[in-house]
Q: 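Got a structure for you, written out below as structure tokens; questions coming shortly.
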Amino acid sequence: MKTRNGLTRLGMALFGISTVALVSCGGDSSSSHAQRPMSCDQLVGLAIPADAMELSTSGGEVTAAEVVEASGSGAAAVPEHCLVSGRIAPVDPQAPDIQFKVALPTEWNSKVLMFGGGGFNGSIPAITGDISQGAPDQPTPLGRGYATFASDSGHQANEYGSQDGRWGLNDEAVRNFSGEALKKTRDAATFVIEKRYASEPTQSYFAGGSTGGREALTNIQRWPDDWDGAIAWYPAWNNVAALLAGQYLSRALAEPGAYPDSGERQKLLDAALEACDALDGVEDGLISDQRQCNETFDPATAMVDGNNLRCPGGADEGDHCLSDAQIEALNAMNDGVDFNFPLASGETGYPGSNVWGADLGITTIDTPVQPTVVFLALGTAQPVQPDMPRNAPYLSVLVDQWVKYSVAGDADFNSFELDPVNPEPQYAERISELSGMLNSGTDISAFADRGGKLLLAHGLSDVLVSSRATEIYYQRLLEQMGQEKVDSFVRYYEIPGFGHGASSHFHATWDSLTALENWVEQDMAPEDQVTMDLIGAPGRTRPLCDYPAWPRYVEGGDPMSASSFECVE
């Protein structure tokens, strides 16, 4: 891969020339060769002119910059760096600022990486840490020498954190959350980076999960020239459709007797494993052949420990079985929903999630990540109105805030009055408008044509953002471009047993950044990629199979090793 001064990285290494040396001499692009690198202290108060950003702002500034000493060791080592804080001022004086941070390593590798957020954002991701599901034995991006940056997406959250929806009351804040803050932050951060090093980045990458995954796809679709590669885990790309499906599910779980408690969730998982675990050739607590399980498993007729999963007569009899009301709500989660009104984004519905085999939030499991699993799944309280409990399902709280602020524009609105299938005309029009902003487009041909590379990954047990939605995204790429073209720049992997960013059954990790670097910088497409479990069975590995393949056990092999599985369709 050539740098902007024409030397290959390999050639630079052979001649004993480092990128840092080039930066120190100011010997980079013609646009910055006369500049001298600025020290960390000199960055304090740096004005970021409005014309440094492609989209409209009132300019920005560096509000703080301090040298942070190196700390830690091994893969967790944090190198010496200049940590910059900044703000980007809105055009509308009533809109919030965009708050952002940039970490500038003293030894820079001439590359940059932007971190994505989560939920409704409202806070700045930890840019000195690792990317989503990063490999624990590999350095963080900052540890590799990247300049890293991220923003709060253009608003500052209250006590609701990533579920705070107040930004929906301001049009500029909505546009920022929809994606404009990504471009503004990238442009402002690049300005600061070029001032610090008197040099332009040679490669630019984006990595994120959930909302951060949507942001990855939004970036490469709307501003393809800015990015060489992106990593998108469990991306909420069809955002408004997912929110409408969340509203549909929230109202289903709010029906009398419909909300399953932790014990009933455990029984459902046990029944699904009893029926589907061995479909992949080994009983290991994971369902790899999820499609066959979805086709054959029925909670109304399933057995668990020799008994019917459904309670006799369908009435709730406690944790040892499921009532008809609970089965109906669970089927709603599995089946998904179709909308009876048009969305500007073109979406007509949202697919269900792989409920059969998922951890819906079992509170009796004792692992460090289980509280997160419970929080992001069904929580510990049934959804109700007019006051949604904070410990209701994550999606219920999130959608309640979105309906109140973004759709109705009224903090006191009873969100359950919004029918997600047949909303009243004024709400349908607003939802359609929002879908045109919040959803990521699926035409990423410009990104592909300039040589960009995309890595997609999703856990099959994710009930917050469905892997079936990511399958739709991937299938649309195939429809637009064909398999050969898609294979030239996209890989998509599905991981059995992995939920939404956390799992006590298979907590997936993967050295995705190295895979992306090799593909972009050395034209080495990913092959034989492996994911490692940190929690369920620490050290257990599985192959990452190119979609739609899944890992099937080879008889006689070690179930802990990826080498004992073959990818089959």
Q: Is the backbone of D92 close enough, under 3.5 Å, to the side chain of E172 for a donor and an acceptor to pair up by distance?
A: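 It does hold such a pair.
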Q: Would a distance-only check, ignoring hydrogens and angles, find a side-chain to backbone donor-acceptor pair under 3.5 Å from Q133 to A508?
A: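 Yes.
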Q: Tell me if a side-chain donor or acceptor on H458 pairs with a main-chain N or O of V465 at a distance below 3.5 Å.
A: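 Indeed, once roles are kept as given, a pair shorter than 3.5 Å links the two residues.
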Q: Take F149 and F100, measure what ring-ring contact (aromatic ring centres under 6.0 Å, His included) needs, and give me the verdict at the end.
A: CA-CA 7 Å; F149 57 93; F100 70 95; 8.5 Å; no
Q: Taking all atoms of both residues into account, what is the closest heavy-atom pair of S512 and L455, and its distance?
A: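 Nearest heavy atoms, S512 then L455: O-CD1, 3.4 Å.
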Q: Please tell me whether T106 and E80 have a donor and an acceptor in their side chains that are separated by less than 3.5 angstrom.
A: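 Checked: T106/E80 side chains pair up, N/O donor to acceptor below 3.5 Å.
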Q: Any sub-3.5 Å donor-acceptor pair from Q99's side-chain atoms to I124's backbone N or O?
A: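 Pair absent, no side-chain N/O of Q99 close to backbone of I124.
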Q: Using atom types as modelled and distance alone, determine if a side-chain donor or acceptor of D187 lies under 3.5 Å from a backbone N or O of E54.
A: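 Present.
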Q: With no hydrogens and no angle check, just 3.5 Å: does a side-chain donor-acceptor pair link S162 and Y394?
A: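 There is such a pair between these side chains.
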Q: Using the side-chain hydrogen bond (donor to acceptor under 3.5 Å, both in side chains) definition, which of the options K183, K184, H155 pairs with N176?
A: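 That would be K184; it is the only one of K183, K184, H155 passing the side-chain hydrogen bond (donor to acceptor under 3.5 Å, both in side chains) with N176.
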Q: Please determine, by modelled atom types, if S435 and E347 share a side-chain donor-acceptor pair under 3.5 angstrom.
A: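 On atom types as modelled, these side chains do not qualify, holding no pair under 3.5 Å.
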Q: Any sub-3.5 Å donor-acceptor pair from R214's side-chain atoms to S210's backbone N or O?
A: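 Not a single qualifying donor-acceptor pair exists.
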Q: Against T442, only a single residue in E479, R476, Q480, Q221 fulfils side-chain hydrogen bond (donor to acceptor under 3.5 Å, both in side chains); can you say which?
A: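 Running side-chain hydrogen bond (donor to acceptor under 3.5 Å, both in side chains) over E479, R476, Q480, Q221 with T442 returns exactly one hit, Q480.
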Q: Taking T531 for the side chain and W510 for the main chain, is one N or O donor matched with an acceptor at less than 3.5 Å?
A: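 No, the answer is negative, given that no donor and acceptor are paired below the 3.5 Å cut-off.
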Q: Tell me whether D228 contacts the main-chain N or O of G452 through its side chain, where contact means a donor paired with an acceptor under 3.5 Å.
A: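 No: the side chain of D228 does not pair with the backbone of G452.
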Q: Quickly, which of Y405, Y160, W167 forms a ring pair (Phe, Tyr, Trp, His ring centres under 6.0 Å) with F120? Name it, please.
A: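 Passing option: W167.
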Q: What distance separates D462 CG from S467 OG, expressed to the nearest 0.5 Å?
A: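 Here the rounded value is 7.0 Å.
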Q: Using 0.5 Å steps for rounding, measure from the OG1 atom of T140 to the CG atom of L513.
A: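 One gets 9.5 Å once the value is rounded to the nearest 0.5 Å.
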Q: Test your reading of the model: is there a side-chain donor-acceptor pair from Q156 to the backbone of D97, 3.5 Å cut-off?
A: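 Between the backbone of D97 and the side chain of Q156 there is a qualifying donor-acceptor contact (under 3.5 Å).
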Q: Is a side-chain donor-acceptor pair under 3.5 Å present for Q138 with D130?
A: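 No.
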Q: Nearest 0.5 angstrom please: T57 OG1 to I48 CD1, how far?
A: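 Nearest 0.5 Å value for the OG1-CD1 distance: 9.0 Å.
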Q: Please check: side-chain N/O of N238 versus main-chain N/O of Y350, any donor-acceptor pairing under 3.5 Å?
A: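 Side chain of N238 to backbone of Y350: no pair is present.
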Q: Side-chain donor-acceptor pair under 3.5 Å between Q475 and Y492, yes or no?
A: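 There is no such pair (donor and acceptor under 3.5 Å, judged by atom type) between the side chains of Q475 and Y492.
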